[in-house]
Amino acid sequence: MDKVFQPADIERKWYERWEQAGYFAPQGDGQPYCIMIPPPNVTGSLHMGHGFQEAIMDALIRYQRMRGSKTLWQVGTDHAGIATQMVVERQLEAQGIKRADLGREKFIEKVWEWKEQSGGTITRQLRRMGASTDWSRERFTMDAGLSNAVTEVFVRLHEEGLIYRGQRLVNWDPALHTAISDLEVVSEEEQGSMWHFRYPLADASGHLVVATTRPETMLGDTAVAVNPHDERYQHLIGKMIKLPLTEREIPIIADDYVDKEFGTGCVKITPAHDFNDYEVGKRHHCPLINIFTADAIINDNAPEKYRGLDRFAARKQVVADLEALDLVEKIEPHTLKVPRGDRSGVVIEPWLTDQWYVDAKKLAIPAIAAVENGDIQFVPQQYENMYFSWMRDIQDWCISRQLWWGHQIPAWYDNSGNIYVGRSEAEVRAKNNLGDAPLRRDDDVLDTWFSSALWTFSTLGWPEQTADLKTFHPTNVLVTGFDIIFFWVARMIMLTLHFIKDENGVPQVPFRQVYVHGLVRDAEGQKMSKSKGNVLDPIDLIDGIDLESLVAKRTSGMMQPQLAAKVEKSTRKQFPEGIAPYGTDALRFTYYSLASTGRDIKFDIGRIDGFRNFCNKIWNATRYVLSNCEEQDCGANGDSDYTLSLADRWIISALQRTEAEVEKAFAGYRFDFAAQAIYEFVWNEYCDWYLELSKPVLWDETADPAQKKGTRRTLIRVLEATLRLLHPLMPFITEEIWQRVAPLTGRTGDTIMLQNYPLADETRIDAGAEADIAWLKAVILGVRNIRGEMNISPAQEIPLLLRNGDAEDRRRSAANATFLKKLAKIASIDWLEVDAEAPLAATQLAGSMELLVPMAGLIDKGAELARLNKEIDKLGKELEKLEGKLGNSDFTARAPAEVVAKEREKCLSLQTALTQLKNQQQAIAAL
RNA sequence: AGGACCGUAGCUCAGUUGGUUAGAGCGCCACCUUGACAUGGUGGAGGUCAGCGGUUCGACCCCGCUCGGUCCUACCA
């Protein structure tokens, strides 16, 4: 074995073997356990958030698989309608081709080509993460089976009246030419203006002042509203306004929507271009005048002068014209929230169109109940509030998109404008006796999230009642980010409850738990984004990347190329050496250690460094173990001709405790606890102490062969169990090492993946051994402390005197003399009688036993006094606090007896210790 | 406007029903190439747990307020 662990040498090898051997497929007849991967964009690539998410799912899956569950991790990808269509459109535009020139069919062909070409990237990257997904079942949201499920759901919901077509205001993206849902609109505060316009009364008796942030929409105004209780305007209600720049007269109406205190208390009402105005207009039967084309250009409903201007040009023109008419009262700077499309980035326009909707209010009722009654639990639980607040005020879901890439809506129109919904044109014709009358299919496609909402059951073969569906549905846990709780999680819950029933007809939830993880941010807590240039690619952390390549990668293909110089500078500063190859295991372990309670995580490159070192520690511990165990009898044949030493019994006991901790951590999705427990066991117990304790035994020519065998047996077996314990978190290094370690323990099997997971055995917890080792550690630490603080060279062997010990101390010191001598570099150990004259010595306490290292020639009096004073000071303060507490009669009277007793005991031992230290201090000071 | 979360060592974070000498990793200081590992070993320094008030015998933990930060939802034209 190399002296340093080289992850690159082993990872691909093991992954290929696992996949080829079919280890990722469900096996056995254990309890089913299933996780559905949140399908990544088929043409996308892996980012840190994916890496984190996959790492978590893979840990759960490997853990359950090793625990004997019939485990399925369903993998697949999403067609990502808008995102993918945009990418392909941009590529075509670069060649001077427009989507419209190509036509629908040809364009979709191009998208499929792009999917074939780039679709393998993310699945390759998933493999690099070690994800043990069942690739034989890989699905795509637009493959035949899933498309069939989409059609089925649409048709059935339509039959039930839960999908309908309606004309209303939608969020219209004028760049993408499609409606988008509320969730796809992001509103950010931006600097704008508030324009105050004078609207003259039709009878020329005066004017009202309206305030607006969108002057151009005044061309579509159909009323001015005031509050019904506003004294200032009561007399005007019902009168008419002569709308400037148009020839129209519009009424002054009264509506509670208007806030008397805000602005002038008069609101222009533009029902066709504002969601609030739309509602007001509906109440007062105001006409809707749509003044925009699909590109947000003024259309023919507006006065001729403005036609053909885009909305921003129209705004300027309207303001200029009103100014010319002296109708502008004032213009104030104003911050407002501007709605923009999350994909296109352009300002979204409320626009009147025909769209398809899902009646979400009805579907939400059982979906709310399922979380309320605990059928579905969120981890951490506080996300349930977020879920409830959204679901209880849910709006109907606009599911149609004016795109080409996606599931085309299964609806047909005849020439009279009748709508027919069905599984196919043939079905529609037959069912409605349409003969061969001309039918036109709806051009629109469905929101990508519509097919995603069916993911847990469409991937298992629904609408067929498949065996897989019966076995794996409901799935166990959904692992996801909070950012898509509304987009995805809520909709999955609604549609699954509606369509999937168990054999008794009871609605099934899609998953029993939702584990919500935080966002992965950069070391400064900033969101990772291409334009900030702070994106880390998990694959670069695994394989490493040199500085020049990293800079090139971060600055290429930027939406805003002017930022490139800045990105380059910060990259060179942060990674002067590029990024080292850390390997998948170190990256994964870093994720786990940071995955605490669903909070966002700041990913600091320094963290992964430490866990790369951890890999190396395991690697080298293995080298030590193998060098002592290979070609030796380690008890693989099951013979019992060995004896277990104190250290053996102790490390076995400690292993049980670690196993119990890890089990608890997994049950609570506390991957940080699991990682920490194993890390501590491996490094602080197994390596720091047990390996050191094994050396005096294994290197002693004269030692009892049964004892040596016991130690070898324990060394190798504890290591082997630890590898299994660690495997779900670090799959590659554990497999690599296990292959060499397992045979020495007598274990057989082709892979660690399918071995049983180590579970704590209570009967092997050995409190006696633990107490003895704790004593041993305390003594060694005491001596090391003296050595360290007194600056005694580590090479120098020193004598140790013991005083004031009880029978247990004497037994332990006798039994462990070899260990003490070796680990603390002690030349001799002798007991001092209590009344005997002690030589001048540096002192430490181990319980009530005093450790004395004679000072002759070794120790500096001043330094020892300082050390003693420091210790006396510390204990003194603590004692003072304790005595105060015990002197408080309220405490002794009211606190539980056992708490009081514990404090008394503590107080007593502190007093003794303090006395001993003070005596020693006097003795030294007296010299 | 409503709601959620957060504020613990220089940095990043743990701290599970209130009783611990408040912990870890990294960083820092000192010493050490000892036969698994310098991606290492040994020892050490470092915290008024944001602030104030309350409940309690006892508060990092429970309650209230204040300050600071993050996010979500809804938005006033």
Side-chain angles (χ1 to χ4, degrees), chain A residues 1 3-5 182 187 194-195 210-214 217 225 257-259 261-270 274-277 280 334 336-337 380 382-383 385-386 389-390 393 482-483 485-486 518-519 523 525 580 582 586 593-594 596-604 606-607 609-628 664 668 670 672-673 676 679-680 684 687-688 691-692 695 699 781 784-795 825 874-875 877-878 881-882 885 888-896 898-900 902-903 906 910:
Chain A
M1 284 172 84
K3 202 169 166 180
V4 174
F5 172 55
D182 298 345
S187 290
M194 179 78 86
W195 286 269
V210 299
T212 182
T213 53
R214 300 213 46 197
T217 63
Y257 158 72
V258 181
D259 179 353
E261 313 302 323
F262 189 89
T264 59
C266 301
V267 185
K268 63 190 270 307
I269 299 297
T270 322
D274 182 280
F275 289 102
N276 289 309
D277 293 4
V280 174
H334 182 72
L336 71 163
K337 291 251 183 147
Q382 70 248 22
Y383 285 105
N385 294 330
M386 192 166 143
S389 66
W390 191 70
D393 186 33
F482 65 88
D483 49 328
I485 286 180
F486 306 140
L519 246 50
Y582 290 104
S593 72
L594 293 169
S596 57
T597 48
R599 290 172 45 177
D600 286 359
I601 58 179
K602 293 190 198 176
F603 196 94
D604 189 337
R607 291 296 289 250
D609 231 65
F611 296 119
R612 187 260 327 257
N613 297 353
F614 180 53
C615 291
N616 196 51
K617 191 77 180 172
I618 296 167
W619 187 256
N620 277 291
T622 303
R623 289 178 57 217
Y624 167 78
V625 173
L626 288 178
S627 73
N628 283 288
K664 193 176 156 202
R670 287 303 300 265
D672 57 332
F673 285 171
Q676 196 186 351
Y679 182 95
E680 276 176 5
N684 304 124
C687 290
D688 283 354
L691 294 191
E692 295 308 319
K695 288 174 183 174
W699 294 351
L781 256 29
R784 283 179 183 168
N785 177 269
I786 291 172
R787 193 191 280 281
E789 300 243 321
M790 293 300 108
N791 257 325
I792 301 171
S793 146
K825 275 258 178 186
K874 205 171 105 187
L875 294 188
K877 273 186 195 146
E878 208 184 314
K881 232 168 68 182
L882 254 182
K885 201 170 180 182
N888 181 352
S889 58
D890 279 338
F891 172 70
T892 46
R894 301 200 195 196
E898 76 240 37
V899 172
V900 177
K902 208 172 121 194
E903 298 295 87
K906 224 190 299 179
L910 266 177

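Residue numbers start from 1 in every chain, and the chains themselves are labelled A, B, ... in the order their sequence lines are given, proteins ahead of strands.
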## Note on the structure
Checking B:rC32, B:rA77, B:rA14 against the side chain of A:Asp672 (C-beta onward), the nearest is B:rA14
### Task
Mind calculating the distance between CZ (A:Phe486) and P (B:rA74) to the nearest angstrom?
8 Å
### From B:rA77, B:rU73, B:rC71, nucleotide with atom closest to A:Phe482 side chain
B:rC71
### Query
Are A:Lys617 and A:Tyr679 in a cation-pi setup, meaning NZ or CZ lies under 6.0 angstrom from the ring centre and within 45 degrees of the ring axis?
no
## Note on the structure
Among the nucleotides B:rA24, B:rA36, B:rG19, whichever has the atom closest to the side chain of A:Gln676 is B:rA24
## Note on the structure
Sorted by position of nearest nucleotide on RNA chain B, 5' first, the leading residue of A:Ala211 and A:Asn888 is A:Asn888
#### Entry: Touch class at under 4.0 angstrom, heavy-atom based, for A:Ser389 against every strand present
nothing
### Query
Any donor-acceptor pair under 3.5 Å between the side chain of A:Arg784 and the base of B:rU42?
no
### Distance, C1' atom - from B:rC37 to B:rG44, rounded to whole angstrom
23 Å
### Query
Taking atom C1' in both B:rU66 and B:rA30, what distance in whole Å separates the two?
44 Å
### Task
Would you mind telling me which residue lines up with the more 5' stretch of RNA chain B, A:Ser793 or A:Lys885, judged by nearest nucleotide?
A:Lys885
### Task
Quote, to the nearest angstrom, the P distance that separates B:rC63 from B:rG27.
38 Å
#### Entry: Identity of whatever pairs with B:rC65 - Watson-Crick or G-U, under 3.5 angstrom
B:rG51
### Query
Between B:rU8 and B:rG69, how far is it from one C1' atom to the other, in whole Å?
16 Å
### Message
Given B:rG44, B:rC72, B:rU12, identify the nucleotide with an atom nearest to the side chain of A:Asn785.
### Response
B:rG44
### Message
When you measure only distances, ignoring hydrogens and angles, does the side chain of A:Lys617 come within 3.5 Å of the base of B:rC37 through a donor and an acceptor?
### Response
yes
#### Entry: B:rG23 and B:rU70, which share atom name C1', separated by this distance in whole Å
26 Å
### Message
Nearest to the A:Tyr257 side chain among B:rC75, B:rA77, B:rG19, which nucleotide is it?
### Response
B:rA77
### Message
Is it the case that the side chain of A:Arg787 and the backbone of A:Lys825 share a donor-acceptor pair, with hydrogens and angles ignored and the cut-off at 3.5 Å?
### Response
yes
### Query
How far, in whole Å, is B:rA45 from B:rG10 if one measures between their C1' atoms?
12 Å
### Query
What interatomic distance, in whole Å, is found between C1' of B:rA59 and the corresponding atom of B:rU17?
15 Å
### Query
The side chain of A:Asp688 lies closest to which of these nucleotides: B:rU42, B:rU39, B:rG19?
B:rU42
### Query
With a 3.5 Å cut-off and just heavy-atom distances, do the side chain of A:Lys664 and the base of B:rU16 make a donor-acceptor pair?
yes
### Query
What's the CH2-P distance between A:Trp390 and B:rU73, to the nearest Å?
10 Å
### Message
Regarding A:Glu692, tell me which of base, sugar-phosphate or nothing describes its non-hydrogen contacts under 4.0 Å with the strands shown.
### Response
base
### Query
According to the 5.5 Å centroid and 30° plane-angle thresholds, does A:Trp699 stack upon the nucleobase of B:rG35?
yes
### Query
Between B:rG25 atom P and A:Phe614 atom CZ, what is the distance in whole Å?
12 Å
#### Entry: Pairwise C1' distance for B:rG15 and B:rG7, with rounding to whole Å
15 Å
### Task
Classify the nucleic acid contact of A:Phe673 as base, sugar-phosphate or nothing, counting any heavy atom under 4.0 Å across all strands shown.
sugar-phosphate
### Exam field: side chain A:Asn616 to backbone A:Phe5, donor-acceptor pair closer than 3.5 Å
yes
#### Entry: Gap between atoms CD and C1', on A:Glu261 and B:rA1 respectively (whole Å)
16 Å
### Query
Between A:Lys695 and A:Glu692, is the closest basic N to carboxylate O distance under 4.0 Å?
yes
### Message
In this structure, how many angstroms lie between the P atom of B:rC75 and the NE2 atom of A:His334, rounded?
### Response
15 Å
